[in-house]
Amino acid sequence: MFEHLNAQAQDKIMALMVEYREDPRDTKVDLGVGVYKDPTGNTPVMRAVKTAEKQLLEKETTKSYTALGGDPAFVKALSGLVLNGAVEEGRLAAAAQPGGTGAIHQALELVKMANPDATVWVSDPTWPNHLSIIKHLKMKMTPYRYFDNDTRAVDFSGMMADLGNVAAGDVVILHGCCHNPTGANLNMEQWKEVTELLGAKQALPLIDIAYQGFGDGLEADALGVRHITSTLPESLIAASCSKNFGVYRERTGLLMAVSPDDKMKAVTQQNLTHLNRQNFSFPPDHGARVVQMILDDPTLRTEWETELEEVRNTMLGLRTQLAEALQARTGSDRFGFLAEHRGMFSRLGATPEQVETMKEKHGIYMVGDSRMNIAGLNKDTVDILADAIVDAGV
C-alpha cells in the first residue's frame with residue numbers, strides 16, 4: 001500500500017526553522033515562524049491564561065466529552081468577542097474547531113457540500129495553508145490582486161476589478177485584520193465596497209480572523225467582520241485563539257456561519273456538527289474552556305485585555321523603530337509602510353536573492369517571499385535587521 005504514496009514537498013517555514021536552529025551565530029534573528037515572542041525570545045503563557053488554568057485545575061470535575069459543536073459557553077463567549085451582537089442569535093450557527101486551521105478546513109468542507117462547483121477566491125498573496133487546504137479538498141481556486149509590491153499597500157482597484165469576475169455561489173476568502181503575509185489591511189470604506197460587491201454578486205464571504213487585538217485593538221480589528229456579516233444574508237467566519245490568547249498548542253478555534261433566518265440556521269448547525277463528527281467527533285476543550293473563563297470573568301478579562309494591549313503596542317513600537325532605523329540609514333521614507341502595516345507580519349518587498357543574502361551574511365531568517373514576523377524582533381535586533389536590509393540592497 002504505502003509504496004504507492006508520493007513524497008510531499010517540505011513546508012518552507014518548517015525547513016527554515018531547522019536551518020535557524022542549526023545556525024551557530026549568536027546574532028541570528030528568526031523572523032519566519034508565526035508566533036509572538038517577547039523581548040527575550042520566548043512565547044510566554046499569558047497571565048490570565050495561567051490564572052484560568054489554575055482555577056480550572058481546582059474546579060474541573062470531569063474529562064468527559066463536550067457537545068459535538070463544543071461547549072455552548074465557549075461558543076457564546078468567542079462569537080460575542082468577534083461579532084459583539086452584529087448578527088442576531090437566531091441567524092448564527094457555530095461549532096468549536098481545533099484551531100483556526102480546523103475552522104478554515106471545516107468551512108471549505110461545508111462549502112463543498114453545499115456547492116461542489118464553487119470557486120474559492122484567495123488574495124494574492126495569502127496564508128499558504130489556505131492554498132494547501134483548497135488543493136487538498138480538490139476545489140477550484142482563483143487568486144485576486146491584493147498587494148502592490150511597489151507601494152507595499154493594498155492594491156484595492158486591482159482587487160475590486162478581479163472580484164468583479166466572481167460568480168454567484170463562489171466563495172471569497174478575506175482576512176479579518178492583520179493580513180498574513182503582508183500586514184496591509186482594508187480600511188472601513190473599502191470593507192463597505194467589498195461588502196456591496198459581494199452582495200451584488202451573490203458570493204459568500206469566508207472571513208479568516210486569526211489576529212483580533214493584534215492590529216488596532218479588539219474592537220477596531222473586528223469592525224470589517226461585523227459590517228459584512230450584519231449586511232449580507234450569508235457568511236462564514238473562522239476565528240482563532242492561538243495568537244490573541246497565546247494558546248497555540250491547545251488548538252482553540254471556532255467556525256461561525258451566518259444564515260438568512262432561523263430555519264436555515266438550524267440546518268446549517270446540523271451540518272456543522274455532522275462535519276465535526278466525521279472529522280474528529282468532539283472538539284478539544286481545554287483551550288476553549290480557558291478562553292471562555294477569561295471572557296466571562298470581568299477580572300480575568302481585564303487582565304487579558306491589558307496584556308494583549310502590551311503585546312500589540314510592543315509590535316507597533318518595533319515597527320516604528322525599524323522604520324526609523326531604515327529612514328536614518330537610507331535617507332528615504334520608502335520603508336515607512338512598516339509603521340503603517342498591522343499585526344505580526346509585513347512583506348518587505350525583497351527578492352528571494354536578497355532574502356538569501358540576508359540569511360547568509362547576517363543570519364536573518366525570513367520566508368523567501370520576504371514575509372517577516374515583526375514579533376521576532378526586539379529593540380536590540382532591530383539595528384541588525386536594518387543593517388542587513390540596507391546591505392542586501394532592498
Side-chain angles (χ1 to χ4, degrees), residues 10-47 49-50 128 152 178 180-183 211 214 242-243 246-249 307-308 310-332 334-339 341-394:
Q10 186 176 15
D11 186 287
K12 294 178 181 179
I13 296 177
M14 300 301 112
L16 201 66
M17 289 173 61
V18 174
E19 279 192 75
Y20 175 80
R21 283 198 300 266
E22 294 177 350
D23 190 328
R25 287 175 286 187
D26 293 335
T27 56
K28 64 184 179 181
V29 182
D30 180 11
L31 304 179
V33 181
V35 297
Y36 174 77
K37 296 180 182 180
D38 65 17
T40 67
N42 295 318
T43 302
V45 180
M46 297 182 81
R47 297 186 295 268
V49 169
K50 275 284 192 184
R152 273 76 154 187
C178 306
N180 178 3
T182 70
Y211 302 94
F214 266 38
S242 294
K243 276 71 177 181
V247 289
Y248 300 87
R249 67 176 59 175
E307 187 168 5
L308 183 59
E310 293 170 4
V311 168
R312 186 178 75 86
N313 286 323
T314 295
M315 290 188 291
L316 288 177
L318 290 168
R319 287 186 173 281
T320 300
Q321 185 183 348
L322 179 58
E324 290 176 350
L326 287 165
Q327 199 279 336
R329 284 162 173 76
T330 63
S332 165
R334 70 178 186 273
F335 293 102
F337 65 88
L338 291 167
H341 287 174
R342 288 294 182 267
M344 292 171 63
F345 302 112
S346 275
R347 181 178 267 194
L348 185 61
T351 66
E353 293 75 20
Q354 289 169 329
V355 170
E356 185 67 21
T357 295
M358 286 189 279
K359 182 179 73 174
E360 294 300 323
K361 293 184 65 176
H362 300 275
I364 303 294
Y365 285 79
M366 66 178 71
V367 183
D369 64 3
S370 77
R371 183 202 80 164
M372 59 180 184
N373 178 11
I374 294 295
L377 292 169
N378 60 48
K379 62 182 179 62
D380 298 319
T381 57
V382 165
D383 286 336
I384 297 173
L385 175 58
D387 289 338
I389 290 171
V390 173
D391 184 57
V394 179

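- To the nearest 0.5 Å, atoms CG (Asp380) and CG (Asn378) are separated by 5.0 Å.
- Side-chain contact between Phe214 and Met344: present, with at least one pair of heavy atoms (C-beta onward) separated by less than 4.5 Å.
- Under the 3.5 Å distance criterion, the side-chain polar atoms of Thr351 are matched with a main-chain donor or acceptor of Gln354.
- Ion pairing of Asp369 with Arg371 is absent here, as no side-chain N (NZ or NE/NH1/NH2) approaches a carboxylate O to less than 4.0 Å.
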Practice problem: Please lay out, stage by stage, how Lys359 and Val29 fare under the test side-chain contact (heavy atoms from CB on, under 4.5 Å). | Solution: CA-CA 9 Å; Lys359 182 179 73 174; Val29 182; over 6 Å; no
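- With hydrogens and angles ignored, the 3.5 Å screen pairs no side-chain donor or acceptor of Ser370 with any backbone N or O of Met366.
- When only modelled atom types and interatomic distance are considered, Asp391 and His362 share a side-chain donor-acceptor pair under 3.5 Å.
- With hydrogens and angles ignored, the 3.5 Å screen pairs a side-chain donor or acceptor of Glu307 with a backbone N or O of Arg47.
- Looking at Asn373 and Tyr36, their side chains never bring a donor and an acceptor atom within 3.5 Å of each other.
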Quiz item: Please walk me through it: do Gln327 and Leu322 pass side-chain contact (heavy atoms from CB on, under 4.5 Å)?
Solution: CA-CA 9 Å; Gln327 199 279 336; Leu322 179 58; over 6 Å; no
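- When all heavy atoms of Gly34 and Phe345 are compared, the pair lying nearest together is CA-CZ, 3.6 Å.
- Sorted by first and then second residue, the pairs that involve residues 28-45 and meet salt bridge (charged side-chain N to carboxylate O under 4.0 Å, His left out), not counting sequence neighbours, are Asp30-Lys37.
- The closest donor-acceptor contact from the side chain of Thr314 to the backbone of Glu310 lies under 3.5 Å.
- Checked for salt-bridge contact, Asp387 and Lys361 miss the test: no charged N lies under 4.0 Å from a carboxylate O.
- Distance check: Ile389 CD1 to Leu326 CG gives 4.5 Å after rounding to the nearest 0.5 Å.
- Using modelled atom types, one finds a donor on one side chain and an acceptor on the other under 3.5 Å when comparing Ser346 with Arg319.
- Taking OG of Ser242 as the start and CZ of Arg249 as the end, the distance is 11.5 Å to the nearest 0.5 Å.
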Quiz item: Step by step, would you call Leu316 with Arg342 a side-chain contact (heavy atoms from CB on, under 4.5 Å)?
Solution: CA-CA 8 Å; Leu316 288 177; Arg342 288 294 182 267; 3.6 Å; yes
